[in-house]
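All residue numbers refer to positions in the sequence shown, counting from 1. Order of listing sets the numbers, starting from 1, for every ligand and every atom in it.
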Amino acid sequence: MASAMNLCGNYYNSTFAAASVKASHCQSHLLPCRIGFSVSVGAAVPISCRGERGGSGSGNKTAFSVSCCRAATGRDILVEENEAVSETERSYTCVMKFGGSSLASAERMREVANLIMSFPEERPVIVLSAMGKTTNLLLLAGEKAVSCGVSNVDNIEELSTIKDLHLRTVDQLGVDRNVIAKHLEELEQLLKGVAMMKELTRRTQDYLVSFGECMSTRIFAAYLNKMGVKARQYDAFEMGFITTDDFTNADILEATYPAVAKRLHGDWVADPAIPIVTGFLGKARKSCAVTTLGRGGSDLTATTIGRALGLPEIQVWKDVDGVLTSDPNICPQAEPVPCLTFDEAAELAYFGAQVLHPQSMRPAREGDIPVRVKNSYNPKAPGTLITKARDMSKAVLTSIVLKRNVTMLDIVSTRMLGQYGFLAKVFSIFEDLGISVDVVATSEVSISLTLDPSKLWSRELIQQKSSLILEKAFRVLRTLGVNVQMISQGASKVNISLIVNDSEAEQCVRALHKTFFDSEPSQLENECIQGNGSHPAIS
Ligand SMILES: Nc1ncnc2c1ncn2[C@@H]1O[C@H](COP(=O)(O)OP(=O)(O)O)[C@@H](O)[C@H]1O
Ligand SMILES: N[C@@H](CC(=O)OP(=O)(O)O)C(=O)O
């Protein structure tokens, strides 16, 4: 099983010999990370939710990629200009999204409320995730309900934990239990239904996890109103968030933008109040059932609202000081990255930066709306500002991101030799299966490709950069005695992915982070910047 790592930094274009790798169900991940330094470590082990592994991988492979910071050479994204919203018409001034870690208790909710009220000049739209780890608890409760029998649903530990947390929170905030009583009752009935059916479909799962955001927003809105701040709770699936019917991983449809703008603007004009919107949720276009946007989807909810209303800024409040140079759980010495471009952030998120939802940058980039990643536990920290372009003159490396549950397929066939159309046949199979291919490396008789784990996972098909930076990365890996089994250059030509054993992944991330971020950057930076005198403007 494999893992993958993406390293982005300023390096010069290089060509790569795609290593032919024995056909094996190795799980690895090659990632064309255009910009922003990202490492993605994939493990074949099915993960129960974002970033949590379901077991220990042995003999797994890890793919590392080296990519470049992309010089901001203009916009290559077709941007649909939002209808200009004149300043006078603008009802709201920003979006503020708070994730589960910022809402883990009554005390945290008080902190968040105080934070919001500390900006009296702002008229924010607030997007909330479920409290703490409620989504994980709901998923576990659903899994248990399938096999525990109707009479044992009351004994599901996760259900009790959810009830206790939410009832304790409303009591501690001095809010009436009625704001969530109906949801708690319905949640228990739903779990009994799952127990009766002995089945938890993806559609039912989405409805199940929606209780988290539905309750957190009701509690928070009731608390703000109790504090004298007029707030209005919205379930996203009732206010215009229209999605595909791809349960657990739904895409937001364009019709969402005008629908959400109309509803929020209209309500503001009729009766001004701070909207408290459920993150993560939507309504399926065909079935009208509740959908979810993929784990971490509240980030996408926030950027979608920002674009729908044409707001000047979107704030994503986390429990870290912004996007860091690596996962602090792996590299405690990781530092905040002050600035990123939308493309860098999108690549980092796509290749595993749990800190942002992979699709969340798209609405912000299309609306050209800056996104600020802040720490709700340390609001004074500047955080990370994500914009269309940034000064790349000093940019060498940005971040190393881990991505798990990566699959690489190796196809070795002598029939490939000189056979045109071979690749077309291969890719048509993935198109038929609706599975997206991330990275491809080919040679005369082999093709290796990595598949989008989120899609694969939802289909239960998984059981489970050259130049100075690249040279330096290889030196580090060699020192560790790590065997690089495959390399590939991302289509963006600024990314090189390498595959090594998953068991070596985290030690590589730490060693590389130490080399590139913890040691004096001046030497590397000077080498990169002076290099051959020119800076790679890589697209
Ligand atoms: N490169 C990174 N920068 C910042 N955080 C990261 C990075 N990689 C992983 N993380 C993890 O992402 C977490 C924040 O994302 P998330 O859990 O979605 O926060 P929230 O629930 O507040 O939205 C951090 O606590 C950190 O452990
Ligand atoms: N609660 C959902 C949505 C979300 O975005 O959460 P968070 O903001 O805590 O990452 C999840 O856990 O995926």
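The shortest heavy-atom distance from Lys318 to ligand 2 is not under 4.0 Å. Contact annotation: Gly296 has at least one heavy atom less than 4.0 Å from an atom of ligand 2. Taking a 4.0 Å cut-off on heavy atoms, Gly279 fails to register as neighbouring ligand 2. Ligand 2 has no atom lying under 4.0 Å from any heavy atom of Lys133.
Shown here is Arg108, whose CZ atom has more than 12 heavy atoms of other residues, nucleotides or ligands within 6.0 Å.
When non-hydrogen atoms are compared, ligand 2 lies under 4.0 Å from neither the backbone nor the side chain of His357. Here Asn329 has side-chain heavy atoms under 4.0 Å from ligand 1, and that is the only part of it that gets that close. Under 4.0 angstrom from ligand 1, the non-hydrogen atoms of Leu324 come from both its backbone and its side chain. Only side-chain heavy atoms of Lys97 come within less than 4.0 Å of ligand 1; its backbone N, CA, C and O stay farther off.
Looking only at side-chain heavy atoms (C-beta outward), Asp245 and Arg285 come within less than 4.5 Å of each other.
Close contacts between ligand 1 and Val323 involve ligand atoms 3 (N) [criterion: under 4.0 Å to a heavy atom]. The contact set between ligand 2 and Arg295, taken as ligand atoms under 4.0 Å from a residue heavy atom, comprises 11 (C), 12 (O), 13 (O). The ligand atoms of ligand 1 that sit less than 4.0 angstrom from a heavy atom of Gly100 are 21 (O). In the vicinity of Ser326, heavy-atom distances shorter than 4.0 Å reach the ligand 1 atoms 1 (N), 2 (C). Within the listing of ligand 1, atoms 4 (C), 5 (N), 24 (C), 25 (O) sit less than 4.0 angstrom from a heavy atom of Val320. Interface atoms of ligand 2 facing Lys97, defined by a heavy-atom separation under 4.0 Å, are 8 (O). Taking every non-hydrogen atom of Gly99 and a distance limit under 4.0 Å, the qualifying atoms of ligand 2 come out as 8 (O), 9 (O).
Side chains of Thr135 and Arg295: a donor-acceptor N/O pair is absent below 3.5 angstrom, by distance only. Judged purely by distance below 3.5 Å, without hydrogens or angles, the side chains of Thr292 and Asp206 pair a donor atom with an acceptor atom. Between the side chains of Thr325 and Glu335, no donor N or O sits under 3.5 Å from an acceptor N or O.
With sequence neighbours left out, Glu107 forms a salt bridge (Lys or Arg N to Asp or Glu O under 4.0 Å) with Arg110. Partners of Ser105 by side-chain hydrogen bond (donor to acceptor under 3.5 Å, both in side chains), not counting sequence neighbours: none found.
Checked by atom type and distance alone, the side chain of Lys374 pairs as donor or acceptor with a backbone atom of Ala381 at under 3.5 Å. A donor-acceptor contact shorter than 3.5 Å links the side chain of Thr384 to the backbone of Val337.
Closest heavy-atom contact between His357 and Leu293: NE2-O, 2.8 Å.
Here the shortest heavy-atom distance to atom 4 (C) of ligand 1, taken over Gly99, Gly322, Gly297, belongs to Gly322. Comparing heavy-atom distances from atom 14 (C) of ligand 1 across Asp321, Val337, Asp327, Asp319 singles out Asp319 as nearest. Around atom 4 (C) of ligand 2, the closest heavy atom drawn from Gly100, Ser102, Ser129 belongs to Ser129.
Interatomic distance, CZ of Phe247 versus OG1 of Thr204, reported as 8.5 Å (0.5 Å rounding). Separating the SG atom in Cys214 from the CG atom in Leu128 is a distance of 11.5 Å, to the nearest 0.5 Å.
Ligand 1 has no nitrogen or oxygen under 3.5 angstrom from a nitrogen or oxygen of Asp299. At least one N/O-N/O distance between Glu213 and ligand 2 falls below 3.5 Å. Between Asp299 and ligand 2, no N or O atom pair is found at a separation short of 3.5 Å.
By the 30° and 60° cut-offs, the orientation of the rings of Phe211 relative to Tyr207 is perpendicular.
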